Amino acid sequence: MRALLLENLHPQATAILEASDVAVENHGGAMDEDELIEALDGVELLGIRSKTQLTERVIAASPSLCAVGAFSIGTNQIDLAAAARRGIAAFNAPFSNTRSVVEMAIAEMVSLTRRLPVHNRLMHEGVWNKSADGAHEIRTRTLGIVGYGNIGSQLSVVAEALGMNVIFFDSAEKLALGNATRMPTLESLLQAADIVTLHVDGRAGNQGFFGRAQFEAMKPGALFLNLSRGFIVDVEALREGLESGAIGGAAIDVFPEEPKKKGDPFVSPLQNVPNVILTPHIGGSTEEAQRDIGIFVSTRLRDYVETGSTSLSVNLPNLQLALPQGAHRIAHLHDNIPGVLAAVNRELAEHDVNIEGQLLATRGDLGYVVTDVASGLTDDAVAALGAMPGTVRLRVLS
Ligand SMILES: NC(=O)c1ccc[n+]([C@@H]2O[C@H](COP(=O)([O-])OP(=O)(O)OC[C@H]3O[C@@H](n4cnc5c(N)ncnc54)[C@H](O)[C@@H]3O)[C@@H](O)[C@H]2O)c1
């Protein structure tokens with residue numbers, strides 16, 4: 001088994017794969033389509049960050065590829081549907097940087113509540129303004145979390161540990177952790193929160209989700225944080241709220257338009273507004289998160305190789321699997337049409353192969369049936385399964 005890891009992945013990614021006898025080749029930079037097609041010849045596993053595009057053309061030209069790891073949160077760089085059609089499992093790291101975002105939100109809440117950006121700027125200008133005016137503890141303050149997913153719910157736990165009252169609003173049903181209170185509407189949260197922090201996802205419907213009406217519904221002088229996605233907030237409305245004093249301060253990590261690369265100029269209506277912290281989309285950017293992403297994604301790839309487990313795959317039916325029970329494991333990815341499971345079992349029975357365990361999952365157009373069998377799996381039986389109509393990919397693990 002060979003793996004190609006691009007874009008300077010954390011060394012843990014290599015270590016985990018090599019410990020499972022995968023031959024790993026590392027390449028510091030990203031690759032364009034033609035380079036990638038050439039480099040993927042005979043390679044089963046690919047690891048990339050966000051700069052390498054795994055397009056349909058590359059996928060079609062790389063028949064040996066069976067799994068790709070996006071060592072990132074997003075997976076936009078992979079044509080997931082094309083990968084699924086060819087039976088290539090794609091994995092990412094959906095929560096490896098959750099804690100990093102949470103810690104930054106906590107730091108910013110404390111910082112804004114104590115007006116540290118204002119004091120910091122004055123000190124750099126040579127002004128000594130020792131005063132308690134407008135400075136508060138976050139203890140006993142009410143934190144309103146909008147979006148109670150991975151990050152929102154983790155923030156809820158840490159904020160409560162610091163003595164905050166936590167309320168949240170999520171469009172989906174969510175379990176309230178600790179003493180957090182679910183609010184029935186966004187408006188009810190905005191009316192009650194001293195600090196409002198956004199942690200919703202980037203679905204298209206969230207475009208412009210938080211605008212003038214929402215800022216006006218907030219408590220006078222409340223603080224506002226956005227570490228989720230830039231396009232969901234009307235930053236002009238936020239600037240007006242900050243300048244009028246209706247909003248007491250803000251910490252913004254994500255912007256409607258972000259510079260493409262390091263060093264590119266950055267312009268925003270929020271620049272040079274008092275008690276505002278601006279950061280370059282670094283909420284999840286810590287060395288710990290990089291290490292965790294390396295471990296998380298390479299472990300998913302390793303498990304897929306060793307057990308056929310597609311748990312947390314973003315494009316194939318999900319099956320969480322332990323090591324094979326029998327002599328062989330047959331992992332059969334197929335079109336999700338009636339009769340495939342019966343056909344697999346018929347072929348095995350006709351070839352005198354005894355089934356020891358079997359699991360099936362489906363997702364959209366695909367079905368994934370994993371069968372553990374006793375010894376006696378012949379090449380003929382494998383060939384018959386591979387030739388079955390609707391077979392997308394067949395792997396036999398021994
Ligand atoms: N700043 C950074 O560096 C950084 C790092 C990681 C993630 N993020 C962003 O943080 C956000 C949250 O990440 P996550 O992993 O917690 O995502 P998640 O998918 O686990 O949680 C998102 C939650 O928001 C809820 N939601 C979506 N739209 C909503 C709406 N209009 N109203 C109320 N609730 C809504 C969903 O039901 C879900 O519970 C994402 O936008 C992600 O891109 C930013």
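Atoms within each ligand, like the ligands themselves, are counted from 1 in listed order. A quick note: this is a predicted structure, and the numbers were derived from the prediction, not measured. Computed over heavy atoms, backbone and side chain alike; hydrogens, waters and symmetry mates excluded.
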Checking T52 against E7: is there a side-chain donor and acceptor pair closer than 3.5 Å?
yes
Ranked by distance from atom 9 (C) of ligand 1, the top protein heavy atom is S228 O, 3.5 Å
What are the atoms of ligand 1, with element, lying closer than 4.0 Å to any heavy atom of G283?
1 (N), 2 (C), 3 (O)
Report yes if R229 has an N/O atom closer than 3.5 Å to an N/O atom of ligand 1; otherwise report no.
yes
Applying the 4.5 Å side-chain criterion to the ILVMFWY set and letting contacts propagate, would L323 and L319 be lumped into a single cluster?
no
Quick one: does any side-chain atom of N97 pair with a main-chain N or O of S100 as donor and acceptor, under 3.5 Å?
no
Which residue and atom name correspond to the protein heavy atom nearest atom 15 (O) of ligand 1, and how close is it?
N150 ND2, 3.5 Å
Within-cut-off N or O pair, I151 and ligand 1, under 3.5 Å:
yes
Is atom 17 (O) of ligand 1 less than 4.0 angstrom from at least one protein heavy atom?
no
Same cluster for I78 and L6 if Ile/Leu/Val/Met/Phe/Trp/Tyr side chains link at under 4.5 Å?
yes
If Ile, Leu, Val, Met, Phe, Trp and Tyr residues are connected whenever their side-chain heavy atoms lie under 4.5 Å apart, and connections chain through other members, are L359 and L316 in the same group?
yes
For ligand 1, is there an N or O atom under 3.5 Å from any N or O atom of V200?
yes
Once you restrict to heavy atoms under 4.0 Å, what part of N206 touches ligand 1? Side chain, backbone, both or neither.
side chain
For atom 8 (N) of ligand 1, find the nearest protein heavy atom and state the residue, atom name and distance (0.1 Å precision).
L227 O, 3.9 Å
Atoms of ligand 1, numbered as shown, that sit under 4.0 Å from any heavy atom of A172:
37 (O)
Distance-only donor-acceptor check, side chains N315 and S313, under 3.5 Å
yes
Which atoms form the tightest heavy-atom contact between L65 and I88, and what is the distance?
O-CG1, 3.3 Å
Measure the distance from atom 21 (O) of ligand 1 to every protein heavy atom, then report the residue, atom name and distance (to 0.1 Å) of the closest one.
G149 CA, 3.2 Å
May I ask you to establish whether R395 and Y304 are in a cation-pi arrangement, using a distance under 6.0 Å from NZ or CZ to the six-membered ring centre and at most 45° from the ring axis?
yes
Any chance the side chains of Y368 and T310 put a donor and an acceptor closer than 3.5 Å?
no
Kindly compute the distance separating CD (E108) from CD1 (I277), expressed to the nearest 0.5 Å.
5.0 Å
Which residue supplies the protein heavy atom nearest to atom 25 (C) of ligand 1, what is that atom called, and how far is it?
D170 OD2, 3.2 Å
Looking only at the side chains, is there a donor atom on one of N226 and S228 sitting less than 3.5 Å from an acceptor on the other?
yes
Nearest protein heavy atom with distance in Å, relative to atom 3 (O) of ligand 1
G284 N, 2.9 Å
Between the side chains of T371 and Q358, is a donor N or O closer than 3.5 angstrom to an acceptor N or O?
yes
Proximal candidate to atom 22 (C) of ligand 1 [heavy atom criterion; set Q154, M104, H199]:
H199
Examine ligand 1 and decide if any of its atoms is less than 4.0 Å from a heavy atom belonging to I73.
no
Go through the side-chain N and O atoms of T279 and D253 and say whether any donor and acceptor fall under 3.5 Å apart.
yes
Shortest protein contact, atom 35 (C) of ligand 1 (heavy atom only):
S171 OG, 3.2 Å
Of all the atoms in ligand 1, which lie at a distance below 4.0 Å from a heavy atom belonging to F169?
32 (N), 33 (C)
Go through ligand 1 atom by atom and flag the ones less than 4.0 Å from a non-hydrogen atom of K174.
39 (O)
What residue and atom, counting heavy atoms only, is the protein's closest point to atom 1 (N) of ligand 1, and at what distance?
D253 OD2, 2.8 Å
Check F209 against ligand 1 and report side chain, backbone, both or neither, counting heavy atoms closer than 4.0 Å.
side chain
The answer for which part of V101 has a heavy atom under 4.0 Å from ligand 1 is side chain
